Number of protein chains: 2
Amino acid sequence: MGILRKTQSLAVMLAEFDKSSHAISAIDLIRRLSNKLNKTTVYRILDKLEDDGLLHSFLGKNGIKWYAKCNGCSKTAHTDVHPHFQCVDCGQVDCLAIQIPIPELPNRTALMSSVLIQGKCQNCL
Amino acid sequence: MGILRKTQSLAVMLAEFDKSSHAISAIDLIRRLSNKLNKTTVYRILDKLEDDGLLHSFLGKNGIKWYAKCNGCSKTAHTDVHPHFQCVDCGQVDCLAIQIPIPELPNRTALMSSVLIQGKCQNCL
DNA sequence: AATTTTAATGCAACTAAGTTGCAAATATAT
DNA sequence: ATATATTTGCAACTTAGTTGCATTAAAATT
């Protein structure tokens, strides 16, 4: 349903995403904010921010959910699709500002694709 | 550690993978075999078959784990890497016999990549 | 073939990530 | 200032997967 009210919790969450340019996993966010926000609240605000096109979500290693800021998305059009990179050493996750072309598939229609590249980040090389 | 003994459970599991050419989710396998095998056993045999290069695993929609037969992999070299396709309507998952090239990433080393394409399969079009 | 050894299995209990229902608190509208 | 509606916290739940341990079943040894 998206964000309707400017609450304290919302401010806290947005501040957290403004702090760093990396993606943040839901779990980590819950841990970081555990003294301020309930985990249910965190999940719910993440949902709404995604609905509103301010965040996008994707699955990292082991199927856990990550969130990062969107670039140029709106409530109606999530156009900011890109691969994500996760460092196998430090676990850090980033959006990659590149496009991976998906070829035409015979007998199938591709609607979306998710690409996770794992490897070593600059710090861990 | 891989498969060491030829057990009844192993035979049951292999039979299940021979039945269909599609990928099978761990959960579905557990459900299908619930009258014959315990879920712990299913998970353990899947692990071993993956170690041995007979199956490969990957994450589908919602981060749940899928398994499919490998083509030309061995205990030491898992060379059969490819994208997977999941139908958004029927949920069916298949390996795609194509290669998605991953470009060089500045300041990073890519070690592996996983690509999940979602869309409509032939049946559901 | 009987016995010993070692691996595989089933079970119950657990973990981790995420979800749901509901009462209480907090924004916003009146 | 009050009423209305959304948000929050809490506890309890769900789902996928894991762990420890006693029992069972392969395979090796005699």
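From a predicted model like this one, the values you see are computed outputs, not experimental measurements. Quick note on labels: first sequence line is chain A, next is B, and so on, each numbered from 1.
- Looking at B:Arg44, its side chain comes within 3.5 Å of the base of C:dG10 through a donor and an acceptor atom.
- Counting to the nearest Å, the C1' atom of C:dT9 and the NZ atom of B:Lys48 are 10 Å from each other.
- Atom CG in B:Leu10 sits roughly 15 Å away from atom C1' in D:dA27 (whole-Å rounding).
- Within 4.0 Å (heavy atoms only), B:Ile30 reaches no atom of the nucleic acid at all.
- The distance between the ring centers of B:His84 and B:His56 falls below 6.0 angstrom.
- Counting only heavy atoms from C-beta on, A:Thr40 has its side chain closest to C:dG21 among D:dT7, C:dA17, C:dG21.
- Comparing B:Ile27 and A:Ile3 against DNA chain D, the residue whose closest nucleotide sits nearer the 5' end is A:Ile3.
- As a whole-Å value, the separation of A:Lys36 NZ from D:dG9 C1' is 17 Å.
- Comparing A:Gln8 and A:Tyr43, the nucleotide of DNA chain C nearest to each residue sits closer to the 5' end for A:Tyr43.
- Comparing B:Leu59 and B:Lys6 along DNA chain D, the residue whose closest nucleotide (by nearest heavy atom) sits nearer the 5' end is B:Leu59.
- Regarding B:Asn38, its CG atom lies at a distance of 17 Å from the P atom of C:dC14, rounded to whole Å.
- Remark: B:Thr7 is in phosphate contact with C:dT9, judged by side-chain N or O atoms under 4.0 Å from OP1 or OP2.
- Between B:Ile98 and B:Pro83, the closest heavy-atom pair is O-CD, 3.1 Å.
- Counting any heavy atom pair closer than 4.0 Å across all strands shown, A:Lys39 reaches a base atom.
- Going from atom CG of B:Asp47 over to atom C1' of C:dA8 covers 14 Å, rounded to whole Å.
- We find that A:Lys48 and A:Asp52 are not joined by a salt bridge, their nearest charged nitrogen and carboxylate oxygen being 4.0 Å or further apart.
- Note: NZ (A:Lys61) to P (D:dA16) measures 22 Å, nearest angstrom.
- For the pair A:Lys65 NZ and D:dA16 C1', the interatomic distance rounds to 16 Å; values are reported in whole Å.
- Whole-Å rounding puts the B:Asp52 CG to C:dA8 P distance at 10 Å.
- Between B:Thr41 and C:dG10, a side-chain N or O to OP1/OP2 separation shorter than 4.0 Å is present.
- A:Leu59 and B:Asn62 get closest at one heavy-atom pair: CD1-C, 3.9 Å.
- Under the 4.0 Å criterion applied to side-chain N and carboxylate O atoms, A:Lys75 and A:Asp51 are not assigned as salt-bridge partners.
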